[in-house]
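Below is one structure, written out as structure tokens; the observations come after it.
Keep in mind the model is a prediction, meaning the values are calculated, not measured. First listed ligand is number 1; within each ligand, the first listed atom is number 1.
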Amino acid sequence: MSARGQAFGIDIGGSGVKGALVDLATGDLVHERIKKATPHPATPSAVAETVAELVAESAWDGPVGLTLPSVVVNGVARTAANIDPSWIDNDARQLFSQALGGREVVVLNDADAAGLAEDRYGAARDTEGLVILLTFGTGIGSALLHRGELVPNSELGHIEVHGKEAEHRAASSVKERKGWSYRKWSSQVSKVLITLENLFQPAVFVVGGGISRDADHWIPLLANRTPVVAAHLRNTAGIVGAAMAVDSGIAP
Ligand code: BGC
């Protein structure tokens, strides 16, 4: 942990780039989130410029953790399922470090960051066994954690469930696009959860993403056997997890 027990996290999403300084003793933000609109097209150089503006506004001059909705290996983005394809094979760590005056940065998958945060401070805090976090949004993100250790880049949203990719079956964007009720959508989510619990035997599923705000409407409708709990940190999990990652040097 840094001398002050604080680190800066930035969550890069399809609509917003959000960042804040995080108190690592509690997982709380030290100040209100700074939010910028994601540039369009969200190319690496345009996003790096937005990140630089955000950090300049904060006056933070230490290391920065950042999330991307991509597989990230050694700081390099390897996939771009729901973001600009020009991210593929981009050395995001180098890009952001340069944009931030050469400082130390860590880049990791957005759901992995949320998983780290929920595992340490949130919904999975007291869980002994395997934790699977799933974020429901445009796609489905995933994080696998065991006793605080992250298995990075699990990408369970792309697993095939009864002949169809999980995120094409049950992302919250599918519910919106098709105008489904919670009952109809949750039957698709159940299929995904049953497939995953048969493969991994998790102790708990933590569900995040905007739709987890309405978790009371749909968690009770799920038909799988593993307990499902709503994420606690909601819209700060990515920021907090990114700050944790740069603080502990996790660099998938
Ligand atoms: C991507 C993941 C990402 C998730 C949530 C998926 O389409 O493949 O890398 O974590 O969306 O943004």
Are any of the N/O atoms in T135 less than 3.5 Å from those in ligand 1? no
What atoms of ligand 1 come closer than 4.0 angstrom to any heavy atom of [X]?
X	answer
N109	2 (C), 3 (C), 9 (O), 10 (O)
D110	3 (C), 5 (C), 10 (O), 12 (O)
E155	1 (C), 2 (C), 8 (O), 9 (O)
H158	1 (C), 6 (C), 7 (O), 8 (O)
G141	4 (C), 5 (C), 10 (O)

In terms of heavy-atom contacts, P220 and A215 come closest through CD-O, 3.6 Å
Looking only at heavy atoms, what is the nearest atom pair of A143 and A111, with distance? CB-O, 3.3 Å
Donor-acceptor pair between [X] and [Y] side chains, under 3.5 angstrom:
X	Y	result
D214	Y182	yes
S142	S154	yes
N109	R78	no

Are V105 and V73 connected into the same hydrophobic cluster when the rule is that any two of I, L, V, M, F, W, Y join if their side-chain heavy atoms are below 4.5 Å apart? no
Of the protein's non-hydrogen atoms, which lies at the shortest distance from atom 6 (C) of ligand 1, and what is that distance? E167 OE1, 3.4 Å
With heavy atoms and a 4.0 Å threshold, my read on which part of T79 contacts ligand 1 is neither
With the threshold set at under 4.0 angstrom, would you say S70 reaches ligand 1 through any of its heavy atoms? yes
Check E118 with R125, please: is the shortest side-chain N to carboxylate O separation under 4.0 Å? no
